[in-house]
Amino acid sequence: MSGAEKGLNAAQLRAVTHDQGPLLVVAGPGTGKTRVLTHRIFHIIQDRGVAPERVLAITFTNQAAREIAARVSTLLGQKVHGPVIGTFHAWALSFLRRNLGEAARLPIDEREASALVSRAMDEAGIPLKDLRATREAVSRIKLAGPCPEDGDRLLFCFSAYQGLLSRHGLWDFDDLLVEALRLLREDPGRGRPHALLVDEFQDVNRIQYELVRAIAPSTGEVTVIGDPHQSIYGFRGASPEFLGCFARDFPQATVIRLKTAYRSPQRFLDAATRVIGAEGLASARGEGPRILARGFSCPEEEAAWIARRVDELVGGVSFESLNSGGCRSGPLQGLSGIAVLYRINAMGEAISRAFSARGIPHQRADRKDPFEDRDLCLAGRVWDAVRAMHTGGRCYLVTRLAEECSLPEPEMEKVLSDLAGLSGRILFDAILARFFLSLPLFIQKAMEKAFEADPEPVSFSSLVREGADLFVPGMEAAGLMSMHAAKGLEFPVVFIAGCENGVLPWGDSDPGEERRLFYVGLTRASRILHITWAERRIFHGRTERGGRSPFLRDIPEGLITIEEARPRPRRRPRQKGLFGP
DNA sequence: AGCAGAGGGATTTTT
DNA sequence: TCCCTCTGCT
């Protein structure tokens with residue numbers, strides 16, 4: 001099959017078929033990054049004859065891993081043993097298990113880790129209200145070592161936490177990376193794939209970068225794909241600088257830039273690149289309409305306008321007339337093609353209310369952690385304890401469980417050993433029955449889906465998280481989500497709400513990263529892009545009047561129409577009650 | 001142990 | 001503003 005037959009442009013084709021050592025693909029928004037990645041995996045296996053299981057592709061979320069795996073297997077046409085596609089953590093865990101066997105510890109999820117940190121804090125005399133900050137600090141110390149500002153209490157807490165983990169034979173998420181790296185460095189030949197590909201490289205942090213270096217095959221077959229302008233996870237240690245490090249540490253690396261964008265029309269692209277002060281990308285979608293930015297006096301009016309506008313767009317009556325640019329128009333794909341993006345999830349509240357008031361189906365992506373359900377949480381603990389009957393962390397889990405269920409420990413042990421022969425779905429159902437647990441309907445459904453996709457899951461929490469994707473991309477509903485959550489997604493119609501100074505950019509956050517975040521938001525839209533702000537917004541009980549985001553000043557006039565908020569003369573008289581005297 | 005009231009903190013998020 | 005912790009009281 002030729003590149004043209006696959007629908008690849010010249011640069012994409014070069015990236016897919018590159019055969020000379022390390023490759024760095026710099027791929028702007030909508031330039032076909034995922035196509036390149038999947039086709040390149042296919043190329044390595046099919047055309048170069050590399051055994052599929054010796055190809056390792058790393059993504060940042062399980063969701064992305066599943067998507068890419070699905071696309072590769074479509075290309076390969078049902079190969080028996082596919083390439084390994086997963087997150088750093090998933091790969092590290094299986095690597096550790098493969099190499100350590102019985103000595104592998106039991107991985108715990110974030111909830112469990114926090115519980116252990118709070119115990120360590122207790123020992124160290126740190127007030128529990130600082131749990132969040134301390135948990136973050138502990139993670140930072142583990143990944144990057146202590147820094148001079150770290151107090152004695154914090155350091156003590158850290159070692160107490162490490163002690164708890166080791167005493168109980170447990171690993172937290174960070175340990176997976178740390179231990180895998182240690183093992184790789186002890187024995188550099190071990191576990192190296194024949195080809196390594198890393199997606200979203202702008203999101204790697206230091207340890208992940210080190211892992212890439214350590215895993216990189218001696219064949220030099222390393223591909224990293226990323227976009228420094230979309231690096232928005234600095235708060236957890238990611239930095240676009242690692243793209244530069246890659247070029248330095250792999251000096252023979254070829255750099256290919258994908259510059260043709262197939263998603264955003266030129267105007268949106270130009271606006272976005274101006275915000276981050278980058279060089280332009282060329283759109284293959286024509287000039288497109290201007291961005292409409294509009295101010296409102298308060299978030300409720302802002303939300304009401306967005307809802308009204310969505311109604312109009314889905315009704316479709318006036319759609320043709322609105323689409324004034326060179327963009328080919330046609331019916332929108334309905335509500336699933338519409339997204340409202342914002343800086344913080346709290347802002348979804350007002351929007352959601354306005355949509356409900358108009359009867360517009362919508363889904364919020366900031367789903368609650370399903371583990372907040374007590375019964376599911378307990379089921380998860382039991383699951384882990386049963387699975388741990390074969391590994392190391394058993395005593396600890398039994399003790400905890402016994403505590404939690406107020407059962408004597410021996411009795412709990414008996415219950416668990418009764419369940420020990422079971423696995424998968426059957427084990428789960430048995431746990432529900434034995435502990436008299438009942439789950440909300442949406443979790444039941446999620447679990448059903450999860451077991452279908454993964455009948456013998458490695459870890460319970462990953463199973464739940466995969467199953468509980470309450471945000472279903474194809475669903476016939478408008479999407480409400482943070483700009484972070486929108487990364488990697490695309491919608492015909494995008495609203496970016498709350499574009500106010502202090503919100504976007506947020507407080508004292510790194511302005512550069514805030515600009516990149518806005519860039520990500522702006523480049524999600526393929527047809528219509530609206531920006532809104534509110535003159536007054538109540539935050540934590542305080543009325544903030546940040547005014548329109550300074551970022552809008554960087555968008556040249558020809559690309560955007562800005563409509564100031566109309567002051568509302570009509571002051572609503574205070575009304576005690578509808579049926580009052 | 002359990003509750004009432006004070007007080008402080010309140011992004012973004014994956015594994 | 002609202003929610004979670006901590007404290008002190010019963």
Side-chain angles (χ1 to χ4, degrees), chain A residues 58-65 86-94 96 107-114 118 121-122 125-136 139 142-143 170-180 199-200 203-205 207-208 211 230-238 299 341-350 365-369 371-372 457-466 468-469 471 481-488 498 500 502-518 520-521 537-544:
Chain A
I58 289 177
T59 59
F60 270 76
T61 62
N62 283 314
Q63 197 178 338
T87 61
F88 277 106
H89 298 267
W91 174 82
L93 179 59
S94 78
L96 288 166
I108 55 171
D109 63 20
E110 190 48 42
R111 247 178 357 84
E112 199 71 47
S114 283
S118 67
M121 287 166 75
D122 214 35
I126 299 174
L128 214 58
K129 71 175 166 68
D130 296 333
L131 174 59
R132 209 176 124 154
T134 311
R135 173 71 189 100
E136 275 169 20
S139 171
K142 183 172 298 193
L143 293 179
L170 305 171
W171 275 329
D172 65 18
F173 283 122
D174 299 328
D175 287 318
L176 299 178
L177 305 186
V178 171
E179 295 303 320
D199 194 16
E200 305 277 21
D203 287 334
V204 299
N205 56 28
I207 191 156
Q208 289 166 333
L211 267 174
Q230 292 185 69
S231 174
I232 53 174
Y233 286 102
F235 63 91
R236 56 183 204 218
L341 314 183
Y342 31 72
R343 177 63 235 260
I344 58 167
N345 286 126
M347 292 181 16
E349 203 57 47
D366 63 320
R367 50 177 180 261
K368 282 249 178 273
D369 187 347
F371 278 114
E372 274 177 24
V458 199
S459 104
F460 187 80
S461 60
S462 72
L463 174 85
V464 170
R465 248 172 276 280
E466 283 175 35
D469 278 334
F471 190 86
M481 70 195 83
S482 68
M483 278 178 273
H484 284 91
K487 200 182 74 168
E500 293 132 42
V503 177
L504 185 71
W506 178 263
D508 53 0
S509 292
D510 168 22
E513 182 151 317
E514 298 293 307
R515 283 179 181 277
R516 294 194 293 273
L517 189 55
F518 193 33
V520 167
R537 189 178 296 273
I538 297 170
F539 261 131
H540 319 317
R542 307 187 73 81
T543 302
E544 304 289 347

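Note that this is a predicted model, so its numbers are computed, not measured. Throughout, a chain's letter reflects where its sequence line sits, starting with A, and its residues are numbered from 1.
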*Please check the phosphate of dT11(B) (OP1 and OP2 only) for any side-chain N or O of S482(A) closer than 4.0 Å.*
no

*Could you tell me the separation between the CG atom of L177(A) and the C1' atom of dT15(B), rounded to a whole number of Å?*
8 Å

*Provide, to the nearest angstrom, the distance between the CG atom belonging to D203(A) and the C1' atom belonging to dT12(B).*
12 Å

*Mind checking whether M483(A) and I232(A) have side chains closer than 4.5 Å, heavy atoms only?*
no

*Taking the P atom of each, how far is dT11(B) from dC4(C), in whole Å?*
13 Å

*Figure out the CD/P separation between E544(A) and dT11(B), and round it to whole Å.*
13 Å

*Along DNA chain C, 5' to 3', what are the outermost nucleotides having an atom less than 4.0 Å from a heavy atom of chain A?*
dT1(C) to dC6(C)

*asked:* R343(A) and side chain to side chain donor-acceptor pair (under 3.5 Å): which single residue from H484(A), E500(A), E514(A) fits?
replied: E514(A)

*Taking the side chain as C-beta and beyond, is there a heavy-atom pair between R537(A) and T543(A) under 4.5 Å?*
no

*asked:* Expressed as a whole number of angstroms, how long is the span from R537(A):CZ to dA10(B):P?
replied: 20 Å

*Is a donor on one side and an acceptor on the other found under 3.5 Å between the side chain of E513(A) and the backbone of G234(A)?*
yes

*Kindly point out which of dT14(B), dT12(B), dT15(B) is positioned nearest to the side chain of F235(A)?*
dT12(B)

*For R542(A), which contact category applies under a 4.0 Å heavy-atom criterion: base, sugar-phosphate, or nothing?*
nothing

_Non-hydrogen side-chain atoms of E544(A) and V503(A) separated by less than 4.5 Å_ = no

_Donor-acceptor contact present, side-chain Q208(A) to main-chain N205(A), <3.5 Å_ = yes

*Looking at the side chain of H484(A), which of dT11(B), dT15(B), dT13(B) is the nearest nucleotide?*
dT13(B)

_Output the rounded distance in Å from CZ (R516(A)) to P (dT12(B))._
18 Å

*To the nearest Å, give me how far apart CG (L93(A)) and P (dT14(B)) are.*
19 Å

*Report the distance from atom CZ of R132(A) to atom P of dT13(B), rounded to the nearest whole Å.*
11 Å

*In whole Å, what separates the P atom of dT12(B) from that of dC3(C)?*
16 Å

*Rounded interatomic separation in angstrom, taking CZ from F518(A) and P from dT12(B)*: 18 Å

*Using a cut-off of 4.0 Å on non-hydrogen atoms, how would the nucleic acid contact of N345(A) be classed: base, sugar-phosphate, or nothing?*
sugar-phosphate

*For F539(A), which contact category applies under a 4.0 Å heavy-atom criterion: base, sugar-phosphate, or nothing?*
nothing

_Contact between W171(A) and L96(A) at the side-chain level, heavy atoms closer than 4.5 Å - yes or no?_
yes

